[in-house]
Every structure is written in structure tokens, then in C-alpha cells.
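Only one structure is covered here, and it is reproduced in the block below.
This one's a predicted model, so the numbers in the text were calculated from it and none came from an experiment. Order of the sequence lines fixes the chain letters, A, B, ..., with proteins taken first and strands second; residue numbering starts at 1 for each chain.
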Number of protein chains: 2
Amino acid sequence: MSEALPLDLENRLQADDHTSLRLWLRLLSTSIRIEDTIRQRLREGFGITLPRFDLMAQLEREPEGLTMGELSRRMMVTGGNVTTIVDQLTKEDLVQRVTLPEDRRSYRVTMTPVGRAAFAGMARAHEQWVKDLMAGLDEHQQHQLHHLLGVLKHGLVTPISTQGQTHDPD
Amino acid sequence: MSEALPLDLENRLQADDHTSLRLWLRLLSTSIRIEDTIRQRLREGFGITLPRFDLMAQLEREPEGLTMGELSRRMMVTGGNVTTIVDQLTKEDLVQRVTLPEDRRSYRVTMTPVGRAAFAGMARAHEQWVKDLMAGLDEHQQHQLHHLLGVLKHGLVTPISTQGQTHDPD
DNA sequence: TATTGTTATACTCTATAACTATA
DNA sequence: TATAGTTATAGAGTATAACAATA
């Protein structure tokens, strides 16, 4: 975990490479493992997929609802896919399209009362799962990890596409 | 980043929940952002997908090659999918199936010379991308993050399936 | 009978591009 | 013309289950 660092600059670069690669593989595998667990439990417990859960989570924060375009930008997927997901959730009576008088090309997607109730249960379970999965770290370690990930994330070179002012505070 | 912790036990649990949830969202979003970047560059630079790259990375570490079953367990996907991926890589002459005299049901998948050369280039580029993406953290922070992720990962309750002794040291 | 690998099928998510209807 | 959303299509990855060949 803490090898002696060589003094030669080129070797140091090499060592640095391996540190980064090992870190990335661990970050990725940890994330995938947790995500798969949550995905599986959402399916088994609530018969819902992660993208559909995510869409409802977006709506939960916005009681007014969101247009398809807003959902597309927030979820960072193309419009056609949002249509599919909203279609499915609509079929299950979890969300609905509400027409806008001021622009008849557009809709506002909101949760139905059924959807709100269903989501409350899912969100509660979800939060408990996450808490359990994170329980290997104490409060201090969690804050430390949160901080380091923040540094890493904000240090990422923003890709070419800063077009749609993506909504992604975390 | 460091709010005062309430003393009431129930509130503390609540606060703890939110810490975990915020941590998880940050972990997930950071991981996805890096993964998407790498995925896109692998496609644009080398015309290869992440699962195919991963399969070749598995073979790279095992000069003797691996059977379909071993690949399936290491990549944690079902056998049918490994068949598909190996088929595609075989079509591009990057890997090959080598028959085993001792068990004619089974094969050993190895990289072709072409595949080995191609993978060397990909791996070099991949490592450099990772290094650049991680550059927001200094060496010490990277080790710290690596350590915390290790604690988190090993604290995860091992899922029910410890059947196939999954190969996943990271 | 059990095991290795393949095939067939289906589902979800994803992107691109053509299209409709409004603005 | 430009924009909001839909539809059509295609491709990748995934799982399940039935199947063939071999052990």
C-alpha cells in the first residue's frame, strides 16, 4: 500500500501511473459492485430499473414537474430515450404528462399520486440500502472519501460538451 | 462539508443517512464520468468497446490463455455473452480459440500476435488517460482514496453468490 | 448424469436521424 | 426556420433457458 517512492523522475512517473491505474480499477469495481446490488434490489423489491428510479428521483425534487428536454439534460441521455422511459412509467401510472397552455409543443412530466406513494417507499428502502452498504466506513471516513472524490471530480477536465449546462452537482 | 453533528440519536441517524447517500451519489457520478470518457476514447481511438478491452486485459495477464468458463467468472457475465464477445474479437483476429487435447469440450482463448500488438497500444493509451484523469489528486491523496475505497469495498456484505470464487482483487 | 460451451430469444439502455407539431 | 418531442432503427450488453458435444 505504501511502497518507497523512487527518486528518479521517469521511474516516479511509472510508479505514479500504476497508482492511478490501481486507484481507478478500485474506484470502478467498488462503484459497480454497489450499483449492481442496488439495481438488483430495486428490481426484486419494486420491479423497477435504475433509469426509471432515477427519473422519478428527478421529479421528486421538482414538484412542478420537468419537461422532456429538462429530463433529457439532467439524466444526460438523448430525448428519444426519455420518451421510452416516460412511456413505461406512464403505462404503470407512476408519472403523467401535463400539457402546458403556453407552449403546445411541450409537456411537463409529474408524478401521479400513485407514483409519489410508490417512490416514497422505494426511496426509503434505497436510502437504507445505501447506508448499510456504506457502513464499513465511519462518519469521518465517509466525509473524507466524499471530499477526495470531490477533488477528483472537479479536477476532471470538462469534456468538450459544455453545451447543455448539465445538471450534476454531485 | 462539515456540518455540526446533532446530538440526538435519531437525528444523528438521519444525518448519517444523508452523508451516505451524498457519498454514494458522488462516488457513482465520478465513476460514471471517468468510465464514459474512457469508453468514448477507446471507441474513437481504437474502435473497441469496454467489455472487449476488459476481456483482452484478462488475457494479457494470462499468457496461457483462459477457458470460456474462466473468462465468464472473471468478467462476471454469463457464458453466452462471453461467446459473443470472443466471436467478435476472433472475427477481428485479435484473439483465437485453441483446442485442448485433454478435454475436447473446452477451449483456451489466447491473444493472437496481432491482438497482442493492438492491445499494447490500447493499454498504453488507456494508462495515460487514467493518469491524466486522476491528476487532480496528488500521490498522497491517491493513496488515501485507494485506501478508503478498499475499506469500503471489503466492508460490503458479500452477496449470496460466493459460488464461483470470483476473481476480483481490486 | 454432469459439465463446457453455444444458440436462441428477449429485454433494457443507448445513440442517430427522420419526422410531426407547434412556435 | 427553429424548437419540443416522437418514432424508427440499430447496436451493445445483459440474462435465461434449451441444446449439443464430451466427460
Report task. Find the distance A:L55:CG to C:dT12:C1' and express it as a whole number of Å. Result -> 15 Å
Query raised in the report: Got a sec, which residues hit side-chain hydrogen bond (donor to acceptor under 3.5 Å, both in side chains) with A:Q141, two or more places apart in sequence or on another chain?
Result: none
Report summary line: For nucleotides 13-23 of chain D, 5' to 3', base contacts (B), sugar-phosphate-only contacts (S) and non-contacts (-) with protein non-hydrogen atoms under 4.0 Å give SBBB----BBS
Query - Separation of C:dG5 P from B:L66 CG (nearest whole Å) - result: 11 Å
Query raised in the report: Can you tell me how far P of C:dT20 sits from CE of A:M68, to the nearest Å?
Result: 19 Å
Query raised in the report: What side chain to side chain donor-acceptor pair (under 3.5 Å) pairs are there with at least one residue in residues 94-103 of chain B, not counting sequence neighbours?
Result: B:D87-B:R97, B:Q96-B:T110, B:D103-B:R105
Report task. From the options B:Q142, B:K131, B:H146, select the one residue that forms a side chain to side chain donor-acceptor pair (under 3.5 Å) with A:S20. Result -> B:Q142
Query raised in the report: Heavy atoms under 4.0 Å, any strand shown: does B:R97 hit a base, just sugar-phosphate, or nothing?
Result: sugar-phosphate
Query raised in the report: Under 3.5 Å, is there a donor-acceptor pair linking the side chains of B:D132 and B:Q128?
Result: yes
Query raised in the report: Can you tell if the side chain of A:E35 reaches within under 4.5 Å of the side chain of A:L50, non-hydrogen atoms only?
Result: yes
Report summary line: To the nearest angstrom, the CZ-C1' distance between A:R73 and D:dT3 comes to 11 Å
Report task. Measure from CG on B:L100 to P on C:dT4 and round the result to the nearest Å. Result -> 12 Å
Query - Donor-acceptor pair, side chain of B:H126 and main chain of B:M122, under 3.5 angstrom - result: no
**Report entry** Residue whose nearest DNA chain C nucleotide is more 5′ - A:R43 or B:T67
**Finding:** B:T67
Report task. Check the distance between D:dA12's P and B:L89's CG and give it to me in whole angstrom. Result -> 12 Å
Report task. Taking the side chain as every heavy atom from C-beta outward, state whether B:V109 and B:V98 have any atom pair closer than 4.5 Å. Result -> no
Report summary line: In whole angstroms, the gap separating P of C:dT4 from CG of B:L71 amounts to 14 Å
Query raised in the report: Which nucleotide, D:dA4, D:dT6, C:dT7, lies nearest any side-chain atom of A:S106?
Result: D:dA4
Requested in this report: Send over the distance from B:D36 CG to C:dA15 C1', rounded to a whole Å.
Outcome: 13 Å
